[in-house]
Amino acid sequence: MSKEYQITLIPGDGIGPEVTDAARRVIEASGVKINWDIVEAGEKVMEEYNTPLPDYVLESISKNKIALKGPITTPVGKGFRSVNVALRQKFNLYANVRPVKTYPGIKSRYTDVDFVIIRENTEDLYAGIEHKIGDYAAESIKLITRPASERIAKFAFELAKNEGRKKVTAVHKANIMKFSDGLFLESARKVSESYKDVEFEDVIVDAMSMKLVQNPERYDVLVLPNLYGDIISDMGAGLVGGLGVVPGANIGEDIAVFESVHGSAPDIAGKGLANPLATILSGVMMLKHIGEMDAASRIDAAVEKVLQEGNKLTSDLGGSVSTSDFADEIIKNL
Ligand code: NAI
């Protein structure tokens, strides 16, 4: 009898339920048996539990070790702190992995982009160490530590080695933030010495933004502190067809949470307009992580076929099919 996995599924807010439902159907159609533990978090549970992240969500992830997650809305400038940041900190999901690549069939300005963003996920300005100084000012502390910087650099080099990638680029602003980003860069440099087969370079984040737009095909693995990693991820998405197509994983020592780069997209929620591809591809990353390589490559192949045929795409990619019809089309091609 084939194995049955226990996996946590967090539908999330906005377009979350639509895109996670599509991903779940595609994963199930690939033949992998999953007993989903569906737990709600975010805006919709706020009133009942007085928190967007009730204990049952944390318990489910602690128990199952693997989760597929839809986006969760975070109020801007007030209200509860980000559930996404809280989850990453709580389970020490220190590496945020976001592969950015062009697919044939998706219109973009480039044709051969294929790099992976490795974003440090637990510290930097996202650690939430901030306070007001009366009415006049506010202060956010950028915390960078040597162990976290070395750990993320090692993760980036290991990924490069395992995927046969040639170069790791550390992205920073150490010319200005000499201590914090300086420590991040120094740590990456030190780790690079143990990986002589992988080229290492560093680029200042502002120059990186220009270089990525000019020649994205020159980059292979980017390793960045939290904030730059977040911003460059959305830029990466823009290079290859938008937020609808870029997946992601948050990886820790023994727990991993898979989710796309995009947010809850309230502007299109509930209309069947969202592209589920980013979440489906996050599901593919999840299948690879649990060792279901065959199912993962069959979904990958079906995705490539549907994109290449190009007549069943969601509206962000110039088509007119709905979220669930797009998923059905992938299922048909499995
Ligand atoms: P967003 O990523 O939700 O949307 C930005 C733009 O991209 C919107 O025009 C949206 O319609 C479009 N878009 C996003 N995903 C799409 C998809 N799958 N298919 C088609 N179009 C798509 O970013 P925004 O508007 O800044 O954030 C909305 C909320 O999501 C905020 O509360 C934010 O905090 C939260 N958020 C949550 C994340 C997570 O749960 N990991 C990540 C990023 C944002």
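Atom set for the values below is all heavy atoms of this structure, side chains included, hydrogens, waters and symmetry mates excluded. All ligand and atom numbering here is 1-based and tracks the order in the structure. Keep in mind that this is a model prediction, so the values were computed, not measured. Start at 1 with the first residue, then count along the sequence.
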Ligand-residue contact atoms, ligand 1 with [X], heavy atoms, under 4.0 Å:
X	value
A274	19 (N)
I72	35 (C), 36 (N), 37 (C), 39 (C), 40 (O)
K69	40 (O), 41 (N)
P266	28 (C)
A265	3 (O), 10 (C), 11 (O), 14 (C)
N84	37 (C), 38 (C), 39 (C), 40 (O), 41 (N)
P71	39 (C), 40 (O)
T73	32 (O)

Are [X] and [Y] within salt-bridge range, i.e. N to O under 4.0 Å?
X	Y	value
R98	D234	no
E150	K154	no
K161	D197	no
E4	K33	no
R146	E186	yes
K312	D325	no
K142	D181	yes
K101	D112	no

Can you tell me if I15 contacts ligand 1 (heavy atom of the residue under 4.0 Å from the ligand)?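 I15 counts as a contact of ligand 1 under the 4.0 Å cut-off.
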Answer yes or no for [atom]: protein heavy atom present at a distance under 4.0 Å?
atom	value
atom 25 (O) of ligand 1	no
atom 30 (O) of ligand 1	yes
atom 12 (C) of ligand 1	no
atom 15 (N) of ligand 1	yes

Ignoring hydrogens, just give me the one of [options] whose non-hydrogen atom is nearest [atom].
atom	options	result
atom 5 (C) of ligand 1	T279, L243, T314	L243
atom 41 (N) of ligand 1	E18, E259, E43, H262	E259
atom 2 (O) of ligand 1	G248, G263, S264	G263
atom 18 (N) of ligand 1	D316, V261, N275, L277	N275

Can you label the angle between the Y195 ring and the F157 ring as parallel, tilted or perpendicular, going by 30° and 60°?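 Because their plane-to-plane angle is under 30°, the rings of Y195 and F157 count as parallel.
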Report yes or no: is the cationic atom of K167 (NZ for Lys, CZ for Arg) closer than 6.0 Å to the six-membered ring centre of Y219, at no more than 45° off its axis?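 Yes, a cation-pi geometry.
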How far is [atom] from the closest protein heavy atom, and which atom is that?
atom	result
atom 10 (C) of ligand 1	D267 OD1, 3.5 Å
atom 32 (O) of ligand 1	T74 N, 2.8 Å
atom 22 (C) of ligand 1	I268 CD1, 4.0 Å

Under the side-chain hydrogen bond (donor to acceptor under 3.5 Å, both in side chains) rule, collect the residues that match up with D114, sequence neighbours excluded.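 Listed in chain order: R165.
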All pairs passing ring-ring contact (aromatic ring centres under 6.0 Å, His included) where residues 10-42 contributes a residue, at least two apart: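 The answer is none; no pair qualifies.
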